Amino acid sequence: MPKFLEGQLTAKGLRFAIVVSRFNSLVTQRLLEGALDALRRHDADEDAITVAWTPGSFEIPLIAQKFAKSGKFDAVICLGCIIRGDTPHFEYVANETAKGIAQVMLDIGVPVIFGVVTSENLEQALERAGGKAGNRGFDAAMTAMEMANLLKKIETEEKLQS
Ligand code: INI
């Protein structure tokens, strides 16, 4: 019989850090509201949520690293909005942000969730921040809960077997 491990969708007893970028704050403010809504609806303790604002998405990985390393959080949720516009800057910011977030997660072993919207224009970004395409902030918080609970479950299994 295979053993299936799955993370529950509850925020109860978990501590979260949210790193949110001020750049394109019309969008990121809504992503933050979505993330907080998901955590609250899934029984998060208000005092267990810390929110930090960075200037842009490019700065998110450093702050995520600081939180992940602290040992004070079960997951770090990264929220940003990068809009292509008509400058090559987009590629640099988007690539480095995604790479940085992934690197922090793997280096430290804490779930660091990619809730960064990348889009062609503002309209598309707003669609993903509470518009017709849902809210990526809400989704990121759901992923954070699931991953944090999955890791806890795996760690419990490991202790039982040792
Ligand atoms: N930062 C964003 O979060 N989104 C963007 O669309 C963006 N664009 O297009 O430039 C952006 N740039 C700023 C960047 O994140 C840094 O804050 C800046 O380069 C200083 O390091």
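For ligands, and for the atoms within them, numbers begin at 1 and follow the listed sequence. Not measured: the values here are computed from a predicted model. One is the number of the first residue; the rest follow in order along the sequence. Side-chain atoms are counted along with the backbone in the values below, which use heavy atoms only and exclude waters and symmetry mates.
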Shortest protein heavy-atom distance from atom 18 (C) of ligand 1, along with the residue and atom involved: Glu59 OE2, 3.9 Å
Exam field: side chain Arg128 to backbone Thr118, donor-acceptor pair closer than 3.5 Å: yes
Under 3.5 Å: N/O of Phe58 near N/O of ligand 1: yes
Atoms of ligand 1 close to Asn24 [distance to a heavy atom under 4.0 angstrom, numbered from 1]: 4 (N), 5 (C), 6 (O)
Ion pair check, Glu6 and Lys153, cut-off under 4.0 Å: no
Part of Thr97 within contact of ligand 1 (heavy atoms, under 4.0 Å): neither
Atom 10 (O) of ligand 1 - nearest protein heavy atom and its distance: His89 CD2, 3.0 Å
Glu120 backbone acceptor or donor facing Gln124 side chain under 3.5 Å: yes
Student check: side-chain heavy atoms of Thr97 and Tyr92 closer than 4.5 Å: no
Top protein contact for atom 3 (O) of ligand 1, by heavy-atom distance: Ser57 OG, 2.7 Å
Nearest-contact summary for atom 1 (N) of ligand 1 - protein heavy atom, Å: Phe23 CG, 3.4 Å
Nearest-neighbour protein heavy atom for atom 9 (O) of ligand 1, which is reported as residue plus atom name and distance: Ile83 O, 3.8 Å
Side-chain donor/acceptor of Glu59 to backbone N/O of Gly56, under 3.5 Å: yes
Close approach of Cys81 to ligand 1, heavy atoms, under 4.0 angstrom: yes
Asp74 side chain to Arg15 backbone, donor-acceptor under 3.5 Å: yes
Side-chain donor or acceptor of Asn135 paired with backbone N/O of Arg30 under 3.5 Å: yes
Which segment of Ser21 sits under 4.0 Å of ligand 1 when only heavy atoms are counted: side chain
Ile82 and ligand 1 - part of the residue with a heavy-atom distance under 4.0 Å: both
hydrophobic_cluster_shared for Val117 and Phe138, side chain cutoff 4.5 Å: yes
